[in-house]
Asks: 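Below is a structure I'd like to ask you about.
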Amino acid sequence: MSVGDSVPLLDLTRYDEELKRDIARRVQEVFETGRFVMGPANDAFEKAFAKEVGAAHAVGVSSGTDAVLVSLMALGVGPGDEVVTSPFTFFASAGEVARLNAKPVFVDIEPETLNLDPERLEAAVTGRTKAIQPVHLYGQCADMAPILEIAARRGVPVVEDACQAIGASDHGRPAGAMGTMAAFSFYPTKNLGAAGDAGAVTTDDPELAKALATLRMHGETSRYHHARVGGNFRLDAIQAAVLLAKLPRLKSWNERRRAIAARYGELFSDAARAEAITLPFEAPGKRHVYHQYVVRVQNRDAVRERLSRAGIATAVFYPVPLHMQECFADLGYREGSLPVAEKAAGEVLALPIFAEMRDDEVERVAEAVLKAIA
Ligand SMILES: *Cc1c(COP(=O)(O)O)cnc(C)c1O
């Protein structure tokens, strides 16, 4: 196959002209106000984003990683505390817990959705548990009803890691409007991507909103008075401007991702019935926004190599579960500790999906996948 036939995992250069103009206009406004840090673009974006998510407050921050970090800081997570989370996620979900000198406690995942398994959650909650942090993996919400029930009964706040799930919902409740707080990422590859690093935290709690806004500005309560130690975790005004231009398109982009996923589902249906491939499972009541379209196959690495030779880009999210990371060796997990996550890490394969992907590209990927697993 020639290079012209190749399909990328995603293509961040396919901006339509209208969107480019909208972004340029919003960025131009930032230059005209000269307010590059905080200012009207930030205020407008925070308002619009809170509304989109259905939360009372949104606080713009510098990245999804910092969104996780300041959420935990706002809850006072520190040395000796535990935060319960998934082992099968991007590093930041647990890395930020460790940065605060608290202990990540990993709960194994459900075999179908690959999200934190609520049935295993309660046993992991102790007197030291300062937060439960489910991750909405690949764009599908974790099973929030039982998680919220356990959290409420044990009096522990819930921080949703909604970085991959903007626009997703669980029985009609939007990702980011269910927990005590939720962390979002606008990394360029996410479903709503900035032109660089950016993130936000949403919450219904006015006191937490205030704490978050303070913590992103070095804990400053009034000019040069610091009630607590925070950091510089602000959202750049230019990024807020880009996000403001893109936010009205999010719904249609997510619809397009769902349509691509549905088409893949049709094209793979025979292979799935023959158990040659396991398709992503959309749980009842969940609206998946397919940040990633992740299948599972045996001989994953060989399949991946065949696809690469056919010009089809793929990725593995995530090859090493977090409890197996070198930096967490002293937490005492070993191979076999969390078998569902470990098995998934050896089988998952992310196929190209992005809102601007063309139908012929979807067909070409499916054809190559069917050939590769035959
Ligand atoms: C992307 C992501 C983050 C971190 O976001 P950044 O903006 O890259 O810092 C955290 N958690 C999950 C699950 C993510 O996918």
Side-chain angles (χ1 to χ4, degrees), residues 9-10 12 45 49 58-73 77 83-100 104 106-107 109 113-116 131-142 144 147 158-168 175-176 178-179 181-202 212 216 231-236 238-240 242-243 246 254 257 280 288-294 315-323 325 341 344-345 348 350 353-354:
L9 198 62
L10 83 169
L12 292 177
F45 175 67
F49 188 69
V59 178
V61 294
S62 33
S63 69
T65 299
D66 290 338
V68 172
L69 181 66
V70 291
S71 301
L72 299 175
M73 288 172 83
V77 171
V83 175
V84 180
T85 193
S86 167
F88 198 59
T89 170
F90 180 66
F91 181 74
S93 310
E96 303 322 291
V97 176
R99 263 181 76 179
L100 294 170
F106 298 112
V107 167
I109 55 176
T113 65
L114 309 184
N115 272 321
L116 188 150
I132 297 169
Q133 183 187 254
V135 180
H136 304 324
L137 193 73
Y138 303 148
Q140 172 164 240
C141 289
M144 290 302 285
I147 293 172
V158 172
V159 177
E160 297 171 64
D161 184 336
C163 286
Q164 301 186 3
I166 176 169
M178 293 181 275
M181 278 179 285
F184 287 92
S185 167
F186 309 119
Y187 186 74
T189 63
K190 299 282 159 84
N191 289 26
L192 178 67
D197 282 308
V201 182
T202 53
L212 293 162
R216 75 173 159 182
N232 178 353
F233 303 124
R234 291 179 299 241
L235 172 66
D236 284 341
I238 298 246
Q239 300 303 345
V242 172
L243 292 165
K246 293 177 85 172
N254 278 343
R257 285 175 181 269
H288 198 318
V289 291
Y290 294 97
H291 171 58
Q292 301 295 348
Y293 186 88
V294 176
V316 174
F317 307 113
Y318 296 88
V320 183
L322 297 186
H323 68 286
Q325 296 290 343
V348 289
I353 191 163
F354 51 105

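Computation of the quantities below employed the complete heavy-atom set of this structure, encompassing side-chain atoms and omitting hydrogens, waters and symmetry-equivalent molecules. As the structure lists them, so they are numbered: ligands from 1, and atoms in each ligand from 1.
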Asks: Quick one: side chain to side chain donor-acceptor pair (under 3.5 Å) partners of H291, sequence neighbours excluded?
Replies: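 H291 satisfies side chain to side chain donor-acceptor pair (under 3.5 Å) with N191 once adjacent residues are dropped.
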
Asks: Would you mind listing every salt bridge (charged side-chain N to carboxylate O under 4.0 Å, His left out) that reaches into residues 187-202, with sequence neighbours excluded?
Replies: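 Listed by first then second residue: nothing to list.
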
Asks: From T189 OG1 over to L9 CG, what is the distance, rounded to the nearest 0.5 angstrom?
Replies: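 Here the rounded value is 9.0 Å.
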
Asks: Is the count of non-hydrogen atoms from other residues, nucleotides or ligands lying under 6.0 Å from F354 atom CZ greater than 12?
Replies: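 It does: F354 CZ has more than 12 such atoms within range.
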
Asks: Please give me the minimum heavy-atom distance between N254 and G167, naming the atom from each residue.
Replies: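 So the minimum-distance heavy-atom pair works out to ND2-CA, 3.8 Å.
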
Asks: Show me, by chain and number, every protein residue that has a heavy-atom distance under 4.0 Å to ligand 1.
Replies: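 Contacting ligand 1 under 4.0 Å are S63, G64, T65, T89, F90, A92, S93, V135, D161, C163, Q164, S185, Y187, K190.
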
Asks: Under the side-chain contact (heavy atoms from CB on, under 4.5 Å) rule, collect the residues that match up with T65, sequence neighbours excluded.
Replies: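 T65: side-chain contact (heavy atoms from CB on, under 4.5 Å) contacts with S63, F90, A92, E96.
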
